[in-house]
Amino acid sequence: MYRINPYFWQLCFAATLFLGCKHQKETSMEQPTTIQNHPYISDSIGNMPVKFQPEVVSTQIDKFNTSLSPDGKIIYYTATSQKLGVTGIAYQHFENGHFSPPSFVPFVSAQDPIADVQISPDGNLMLFSSSKEFEGKAEGFNFNIWSSELKNGIWQEPVPMGTPIASSGNEFYPVMTNNRTIYFNSDKSGNSDIYFSRYANGTYQEPVRLPDNLNSVRTEADAFVSPDESYIIFVRIDESDGFGNSDLYISFRKGENIWSDPINMGAEVNSDLIDGSPYVTPDGNYLIFTTGRLTEGVKEKAVKNYGEFKSIATSSDNGSLNFYIMKLDLNNYRRTFLGNNG
């Protein structure tokens, strides 16, 4: 983690590495810009990732991590500016076939970055990570998980999750399942690993680290866990079978804290840049993730003349962190897992 006016480890993952790897191969496919009657439409999105709502949701501004309301009609994400030193949660409504202009949630602060937004399966709770101070917070600069409750259509003043989830380290990317279990990543052990905490008797229990086949000596983070906890998609950095600095992996749950060996989600998902912040839409059919990949040939186009350069530099083609979407074929990955295991 690092701090720039101020910043944090997750942004280091989602921005510094993204923006530092532009010399590598550039590949992508563009999504049609027509916005129809739903934020994601089956006949316009296939098995290869395409940019999600270019110039509407994906823009020239750096963004990472997404979450949708249960009906899929509100998208939440983290928007950031390194120059301003501002990182906050934004959202857009999808109404009458179009997304509204972005707005910040009420508690975005110029002093304290808030990020890694996730909406609970029932839509009544917003989870995120922030360095905001609270009573009992460990000394020093660190990030903890906070929550905000939705009442009468308004997100309330957030409160810290506190112990036992909060630690002297940093906690990021909280995801809640149907039974209120929270999965998150923490570097409290000195390395970023993925943990979960069960909800019982009205309180959260001591976090449990996921097994070693998921938490390796590498950095693991950004774990999306399906509401029924049947699978997990997460980020692993600098793995030998990776396509870039950071790749998405998938694993299937076999029992209480027992998971299949993770599978790299392949070249159809991962690029030779950094890919992260996985999220699966409420219907379970689409994967949205963050990437800084460039459209093929865009740099060559940008140097044709200054007009092209300016046009590209102020568009979602400028290499900003943005969102790509694709169909998620879980059965394909299950078949791969079965094949790897005889």
Side-chain angles (χ1 to χ4, degrees), residues 10 64-78 89 91 105 107 114-130 132 134 143-151 153-167 170-186 188 192-210 214-215 220-235 250-253 256-257 259 276-284 286-290 328:
Q10 201 76 345
F64 58 95
N65 130 252
T66 56
S67 189
L68 291 167
S69 58
D71 63 3
K73 295 302 180 71
I74 307 175
I75 187 169
Y76 297 85
Y77 52 81
T78 301
I89 297 168
Y91 66 95
V105 296
F107 38 83
I114 61 174
D116 289 353
V117 58
Q118 290 292 324
I119 305 301
S120 62
D122 64 9
N124 293 324
L125 203 66
M126 176 188 292
L127 302 175
F128 60 89
S129 184
S130 177
K132 289 166 60 69
F134 61 90
F143 279 75
N144 300 106
I145 296 171
W146 291 64
S147 66
S148 171
E149 189 176 0
L150 185 65
K151 292 183 177 179
I154 299 173
W155 292 110
Q156 303 301 298
E157 187 66 21
V159 296
M161 298 294 294
T163 55
I165 293 177
S167 74
N170 298 282
E171 281 73 47
F172 294 113
Y173 217 81
V175 173
M176 181 176 283
T177 64
N178 286 334
N179 62 8
R180 299 191 66 176
T181 295
I182 293 179
Y183 285 78
F184 60 95
N185 60 280
S186 174
K188 62 183 179 181
S192 177
D193 288 327
I194 302 167
Y195 295 77
F196 68 91
S197 175
R198 298 289 187 201
Y199 188 76
N201 302 317
T203 61
Y204 278 96
Q205 308 302 298
E206 188 68 29
V208 176
R209 181 179 175 272
L210 292 188
L214 268 65
N215 284 316
E220 281 81 25
D222 287 16
F224 173 86
V225 180
S226 63
D228 64 359
E229 297 182 86
S230 61
Y231 66 90
I232 181 173
I233 300 174
F234 66 96
V235 170
I250 187 169
S251 171
F252 295 94
R253 187 168 180 252
E256 181 62 22
N257 205 25
W259 297 81
S277 300
Y279 175 77
V280 177
T281 54
D283 60 11
Y286 299 90
L287 171 68
I288 302 176
F289 62 99
T290 300
L328 178 63

message = side-chain contact (heavy atoms from CB on, under 4.5 Å), that's the test. Do M126 and L150 meet it? Break it down for me.
response = CA-CA 8 Å; M126 176 188 292; L150 185 65; over 6 Å; no
request  = Mind running ring pair (Phe, Tyr, Trp, His ring centres under 6.0 Å) on F184 and Y173 for me, showing each step along the way?
outcome  = CA-CA 5 Å; F184 60 95; Y173 217 81; over 10 Å; no
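With sequence neighbours excluded, the residues satisfying salt bridge (Lys or Arg N to Asp or Glu O under 4.0 Å) with E256 are R198, R253. The ring pair (Phe, Tyr, Trp, His ring centres under 6.0 Å) check on F289 picks up nothing, with sequence neighbours excluded. Remark: T281 pairs with D283 by the side chain to side chain donor-acceptor pair (under 3.5 Å) rule, at least two apart or across chains. Scanning for side chain to side chain donor-acceptor pair (under 3.5 Å) contacts around Y279 gives an empty result, with sequence neighbours left out. Every residue two or more places apart in sequence or in another chain was checked for a side chain to side chain donor-acceptor pair (under 3.5 Å) with N178, and none qualifies. Under the ring pair (Phe, Tyr, Trp, His ring centres under 6.0 Å) criterion, F196 pairs with Y183, sequence neighbours left out. Taking the side chain to side chain contact (heavy atoms under 4.5 Å, CB included) definition, one finds that S230 meets it with S226, D228, sequence neighbours left out. Under the rule for a ring pair (Phe, Tyr, Trp, His ring centres under 6.0 Å), the partners of F107 that lie at least two apart in sequence or sit in another chain are F128.
Within the model, atoms CD1 of I145 and CD of Q118 stand 11.0 Å from one another, a figure rounded to the nearest 0.5 Å. Taken to the nearest 0.5 Å, the CZ atom of F234 stands 14.5 Å off from the CZ atom of F224. Note that CD1 of I250 is 8.5 Å distant from CG of L287, once rounded to the nearest 0.5 Å. Here the CG-CZ distance, from D222 to F172, works out to 9.5 Å after rounding to the nearest 0.5 Å. Atoms CG and CG, from L210 and D193 in turn, are 8.5 Å apart once rounded to the nearest 0.5 Å. Considering OH of Y286 and CG of L68, their distance stands at 12.5 Å, rounded to 0.5 Å.
For T78 against I114, the heavy-atom pair with the smallest separation is CG2-O, 4.2 Å. Contact record, F134 with N144: CE2-OD1, 3.5 Å, taken as the closest heavy-atom pair. Across P174 and L127, no two heavy atoms sit closer than the pair CG-CB, 3.7 Å. Across every non-hydrogen atom of P121 and P70, the tightest pair is O-CG, 3.4 Å. Heavy atoms only, all atoms of each residue included: R180 and Y204 are closest at O-OH, 2.6 Å.
At least one donor-acceptor pair closer than 3.5 Å links the side chain of S197 to the backbone N or O of Q205. Listed for the S120 side chain is a donor-acceptor partner under 3.5 Å among the backbone atoms of L125. Of the possible polar contacts, one joining the N170 side chain to the F143 backbone as a donor-acceptor pair under 3.5 Å is found. The closest donor-acceptor contact from the side chain of S69 to the backbone of I74 lies under 3.5 Å. Between the side chain of N257 and the backbone N or O of R209 there is at least one donor-acceptor pair closer than 3.5 Å. At least one donor-acceptor pair under 3.5 Å links the side chain of S67 to the backbone N or O of I119. The backbone N or O of I232 lies less than 3.5 Å from no partner atom in the side chain of S251, so there is not a single donor-acceptor pair.
Taking the side chain as every heavy atom from C-beta outward, V105 and Y91 approach each other to under 4.5 Å. With contacts defined as side-chain heavy-atom distances shorter than 4.5 Å, the pair Y231/V280 qualifies. Taking the side chain as every heavy atom from C-beta outward, S277 and T66 never approach each other to under 4.5 Å.
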Side-chain donor-acceptor distances from residues 154-167 under 3.5 Å, at least two apart:
| from | atom 1 | to | atom 2 | distance (Å) |
| --- | --- | --- | --- | --- |
| W155 | NE1 | Y76 | OH | 3.2 |
| Q156 | NE2 | I154 | O | 2.9 |
| S167 | OG | G169 | N | 3.0 |
| S167 | OG | E171 | OE2 | 2.5 |

